[in-house]
Structures are given as C-alpha cells and as structure tokens.
J.: 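Got a structure for you, questions after.
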There are 2 protein chains.
Amino acid sequence: MKIQPITSAQNAVLKRIRGLHQRSAREKEGLFLIEGAKVLNEAFAKDLPIHDVVVSKSFWTEGLPQLAQDRVAQLHIVEDKMFKELTTTQTPCGVVAVGSSKHSSLEDCLKDCQTLMVVADAIQDPGNVGTLIRAALAFGATGMVLGKGSVDVYNPKVVRSAMGALFSLPIVVGMEAKAAITRLKAKGVRVLALEASAAKRVDSSDLTGAIAIVLGNEGGGLSPEVFLDADERISIPMSALVESLNVGVCGAIVLYQCALARGKNQ
Amino acid sequence: MKIQPITSAQNAVLKRIRGLHQRSAREKEGLFLIEGAKVLNEAFAKDLPIHDVVVSKSFWTEGLPQLAQDRVAQLHIVEDKMFKELTTTQTPCGVVAVGSSKHSSLEDCLKDCQTLMVVADAIQDPGNVGTLIRAALAFGATGMVLGKGSVDVYNPKVVRSAMGALFSLPIVVGMEAKAAITRLKAKGVRVLALEASAAKRVDSSDLTGAIAIVLGNEGGGLSPEVFLDADERISIPMSALVESLNVGVCGAIVLYQCALARGKNQ
C-alpha cells in the first residue's frame with residue numbers, strides 16, 4: 001500500500017470527490033462516492049473497480065479500523081477538517097473512495113422462470129430505494145428497474161443505505177417504468193402492481209414464475225398508465241387505522257411473501 | 001378561530017416550541033412538537049390535547065392548505081424566517097403545534113389472547129422507530145414497549161415518520177426491555193426474540209395467542225440477557241448475500257407474518 005498525503009484542498013483527487021456529491025458529475029464521470037469502511041469492503045469483495053481511496057488523519061492514526069487494507073493499492077491521507085468536506089454524512093466515516101458505476105440491462109435481470117424483478121416508478125427517497133435494493137437481494141430478486149424520475153441509484157444516501165447489495169443486484173436505470181413494463185411483458189414476465197386499494201391480497205396471489213413487482217411513488221402512488229398496464233394489481237392487507245406504510249417497507253413485505261411462495265429463502 | 005400574530009422571537013410560545021427540539025425539555029414539560037398539517041390533523045382526529053398552533057406567513061397567505069381549521073381555537077402567525085427556527089425539518093412544513101405527551105402502561109397493551117406486542121430493545125434510529133409504530137398499528141399490534149436506551153418516542157423525526165400511528169398505539173416508555181419481558185411472561189405472554197442467527201423461521205413459528213416480538217438494537221442486535229430470556233428465538237429467512245435488513249423493515253415483516261397467522265388483516 002502506497003501512502004500519499006494530500007495537503008491542498010485544490011488537489012485534483014479531492015476536487016473530483018467533492019464533485020461526486022452532485023448527480024450531474026456522477027453521471028458525466030461514471031463514478032460515485034463510497035463512504036465508510038463497511039461499504040468500501042463490500043465493493044472490494046464484489047471486485048468493483050475502485051479509484052481513489054482517501055482517509056482522514058484520525059482514521060489513519062487509529063490504524064484504519066475495519067478497512068480491508070490488502071485491497072488498497074494507494075491511500076491518500078488528509079487532515080480531518082479537509083476530510084469533512086469530502087463526505088456527505090454528519091458523523092465522520094473515516095474513509096471515502098471513488099467507485100466506477102456499473103450499468104445493467106433488462107436482459108441481465110431475466111432468469112427465465114426464476115425472474116423476480118422490482119420496478120420502481122419514480123421513487124424519490126434515497127432511504128426507500130436503499131431499503132428496496134437490500135430487500136430485493138435478501139429475498140431472491142434477480143434485478144431491479146429504477147425508473148426515470150427516481151432518485152439517482154448512486155446518490156450517497158442510497159449507496160450507504162443499500163450497503164453492499166448495490167454491488168450485487170443488477171439495477172437498470174434511465175428507463176421509463178412504463179417502457180420497462182412493456183418490455184417485460186413481451187418477455188413473458190407477469191407484472192404485478194402494488195396498490196393500496198387493490199382487492200387482491202398479496203398473500204393470495206400467485207407469486208411463482210417470472211414476475212415483476214411495480215412500486216409507485218411515495219406521495220402519488222402508481223402513475224395511472226403503469227397501474228393500467230400491469231397484469232394484476234395487488235395489495236398488502238392491513239388495518240384501516242393506518243393510511244399506508246412507506247414504499248420501502250411495502251416492497252420488502254411483498255418480496256418476503258414472494259420468497260416464501262417461491263421457496264427460495266431456505 | 002382567533003388569530004394572533006407574534007412578532008418577537010422572544011415570545012413565550014416560540015421559546016417553548018424551540019425548547020421542545022430537546023428531549024430534556026419534552027420530558028420535563030410533558031409536551032412535544034407536531035410538524036406539518038398532516039400529522040396535526042391526525043392528532044386532532046385522535047383528540048390529543050393540542051396547545052399552541054403556529055403557522056408561517058406563507059402558509060397563512062396560501063389559505064392554510066389541508067389544515068383542519070375547525071379544530072384550531074387559536075392560531076399564531078409568524079414571519080417565515082422566524083417560523084424556520086421553530087421546525088426541525090429542512091423543507092418548510094407551514095404549521096407547527098404543541099401536543100401533550102400521552103403515557104401508556106403495560107396493562108394498556110394487553111388484550112388477553114389478542115395481545116400482540118413489540119418490545120424495542122435500545123432502538124436508536126428515529127426512522128426505524130417510526131416505521132415500527134406504523135407497522136405495529138397496520139398489522140394489529142396492541143401495543144409497544146420502547147425500552148430504555150431507545151430514541152425518545154416524541155423525537156420530532158419519530159413523530160413525523162410514525163405519522164398518526166403514534167396517537168393510536170399504546171406505547172410504554174422508560175422501562176428496561178428485560179423488565180418488560182419478565183412482566184409480560186408473568187402475564188402469560190409468549191416472548192419471541194428476532195435474531196438473524198436463530199434456526200427457527202418466523203413463517204413456521206406459532207404466532208397465535210398472546211405474544212410479544214422483541215427487536216434488538218441496529219448495531220449490536222439483542223442484548224444477551226434479552227436473547228436468553230425470550231421463550232423462543234426466530235429469524236426471517238433470507239439470502240446469505242445480505243448481511244441483514246434494517247430493524248424497522250424486519251419488524252414490519254414479522255408483524256405482517258403475525259397478522260397473516262392471526263387472520264386479523266382482512
């Protein structure tokens with residue numbers, strides 16, 4: 001491991017990292033920010049190409065706790081105050097790195113009758129998207145479409161909340177949910193839209209075979225065209241005392257039910 | 001509705017509201033902060049005692065959108081800049097109010113064989129606690145213990161994320177999780193602890209009768225004594241590719257499974 005201190009805030013590496021706080025720079029460069037040893041280790045474990053790794057002086061002095069040091073070729077060290085400008089979190093995470101974005105196609109997500117996809121229609125909260133990515137991987141999903149109008153999949157909060165799952169699950173971006181549904185149906189995938197008002201309960205629906213679960217926006221729910229395009233509309237049975245649960249939680253429950261029905265989660 | 005503008009930041013009402021951003025003041029006064037028309041309307045609907053209601057000049061000018069005006073006896077109006085100091089959110093919520101905290105006992109949560117409780121053992125993330133409160137109400141839980149070491153149930157972020165569910169579900173605070181478990185067992189409640197390593201799957205566990213689900217801290221999981229005190233330890237079956245799901249999501253899935261087993265969510 002080659003050690004290289006950086007003392008100027010105008011250093012190109014630091015400028016690049018600060019730039020990656022913005023979606024436009026992430027999309028232009030095809031790079032994104034990884035914060036904290038835990039997520040970085042997961043990225044190493046999945047052989048994601050990692051560029052610059054920068055640690056704070058404190059993190060260095062503490063002996064790089066929990067960092068998979070054998071995977072780091074070159075390490076930059078900066079003063080704590082300068083490090084703070086590199087991160088998007090309140091609490092100091094000690095290490096940040098730059099990773100290469102990965103792009104998946106719809107075909108990467110299809111596994112014949114094993115196909116279990118999530119289609120997110122304009123989901124904007126990064127915490128919800130992170131939850132959905134983790135739950136998708138946990139319950140055997142084969143991929144996800146993060147439809148246009150959704151938060152950037154490489155938003156730093158999505159990266160943190162999805163943890164390593166982001167590096168394992170094929171995720172398709174830049175496609176309209178409606179277009180994804182049309183293509184999935186053409187491939188023989190049955191499309192089920194989650195909608196609170198649907199009469200059909202998720203626990204009495206057929207969740208086997210090639211299916212995609214469509215989830216709507218936090219405030220507005222599914223867009224009408226997506227709602228109508230789905231093969232079936234399903235709901236999670238719940239007490240009328242509660243208006244709704246958040247879309248991350250709803251998606252996780254549906255995926256759990258899918259896993260039970262598909263006998264996958266042994 | 002009596003209208004009363006406030007022009008001084010030193011006004012007693014505004015000082016009280018700003019004080020309620022702190023847990024110590026909330027506990028001392030037995031009051032808490034309600035932000036936004038949606039949650040405030042839910043508080044009105046549940047007849048929660050509401051003290052001061054303060055709106056921003058903009059919200060007033062827009063005609064108090066979505067606010068249940070017939071429930072407001074007295075309304076304070078302040079300049080937008082001053083209003084911003086009253087809230088804990090980044091996005092302007094237009095209206096804040098002061099509500100009286102409600103305290104429930106363990107007995108309030110017990111409904112004979114219908115009892116379905118959640119015991120949170122030192123859960124610190126307010127979003128997770130909010131999620132658990134909503135999921136508990138959605139899936140027919142009769143109450144919750146928010147054990148010592150957990151976030152304050154009246155933390156503004158818990159209030160926002162739990163939405164109206166906070167005003168409907170009996171929630172016991174200030175009790176150690178271990179003590180709650182001992183008392184619940186003495187009352188004939190079967191105690192099931194959720195633990196990722198448990199061999200017994202939640203979907204093949206008996207979830208009927210009087211039960212309590214114990215959920216552990218985000219980082220550390222269940223404390224060993226709580227783990228040992230439980231009658232059973234259960235887990236959610238999931239792929240080994242994912243280390244864990246967050247405790248709010250896990251709790252919601254277990255509660256959903258309970259509701260299915262208990263035939264309550266028709």
Side-chain angles (χ1 to χ4, degrees), chain A residues 38-39 41-42 45-46 116 125 127-128 130-142 160-169 196 201-204 219 235-257 259-266, chain B residues 38-39 41-42 45-46 116 125 127-128 130-142 160-169 196 201-204 219 235-257 259-266:
Chain A
K38 202 178 157 108
V39 182
N41 290 345
E42 299 256 18
K46 299 292 169 197
L116 169 59
D125 179 78
N128 282 339
T131 296
L132 287 173
I133 294 172
R134 279 167 82 185
L137 196 66
F139 297 123
T142 55
R160 289 199 307 274
S161 63
M163 305 220 252
L166 179 61
F167 312 130
S168 297
L169 188 75
R201 295 165 51 140
V202 62
D203 58 309
S204 54
S235 63
I236 298 171
M238 66 178 78
S239 160
L241 291 171
V242 172
E243 196 188 325
S244 65
L245 294 178
N246 89 45
V247 65
V249 173
C250 288
I253 289 173
V254 172
L255 287 160
Y256 163 78
Q257 184 70 63
L260 290 189
R262 300 160 81 88
K264 260 200 165 169
N265 49 359
Q266 302 297 335
Chain B
K38 202 177 157 108
V39 182
N41 289 346
E42 299 256 18
K46 299 291 170 200
L116 170 58
D125 179 78
N128 281 340
T131 295
L132 287 173
I133 295 171
R134 277 167 83 186
L137 196 66
F139 297 123
T142 54
R160 287 199 308 274
S161 62
M163 305 220 253
L166 179 61
F167 312 130
S168 296
L169 188 77
R201 296 165 50 140
V202 61
D203 58 309
S204 53
S235 63
I236 298 171
M238 67 178 78
S239 160
L241 292 172
V242 172
E243 197 187 325
S244 65
L245 294 178
N246 89 46
V247 65
V249 173
C250 288
I253 289 173
V254 172
L255 287 161
Y256 163 78
Q257 184 70 64
L260 290 189
R262 301 159 82 88
K264 260 199 165 174
N265 48 359
Q266 305 297 336

J.: Please classify the contact of L169(B) with chain A as side chain, backbone, both or neither, using a heavy-atom distance under 4.5 Å.
T.: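 L169(B) has no heavy atom closer than 4.5 Å to chain A.
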J.: Among V254(A), L245(A), V249(A), D203(A), whose side chain to side chain contact (heavy atoms under 4.5 Å, CB included) with Y256(B) holds?
T.: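 The option that passes is D203(A).
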J.: Any heavy-atom pair between the side chains of V242(B) and M163(A) that's under 4.5 Å?
T.: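 Contact flag for M163(A)/V242(B) side chains = no.
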J.: Tell me, side chain or backbone of S244(B) under 4.5 Å from chain A's heavy atoms, or both, or neither?
T.: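 Interface part for S244(B): both.
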J.: Output, in order, the C-alpha distance, side-chain angles, deciding distance and verdict of side-chain contact (heavy atoms from CB on, under 4.5 Å) for L137(B) and M238(A).
T.: CA-CA 9 Å; L137(B) 196 66; M238(A) 66 178 78; over 6 Å; no
J.: Does R134(B) form a salt bridge (charged side-chain N to carboxylate O under 4.0 Å, His left out) with E243(A)? I'd like the steps, not just the answer.
T.: CA-CA 9 Å; R134(B) 277 167 83 186; E243(A) 196 188 325; over 6 Å; no
J.: Is S168(B) in contact with chain A via its backbone, its side chain, both, or neither, using a 4.5 Å heavy-atom distance?
T.: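 When you check distances to chain A, no heavy atom of S168(B) falls under 4.5 Å.
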J.: How far apart are the closest heavy atoms of I253(B) and A252(A), and which atoms are they?
T.: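 Here I253(B) and A252(A) meet closest at CD1-O, 4.0 Å.
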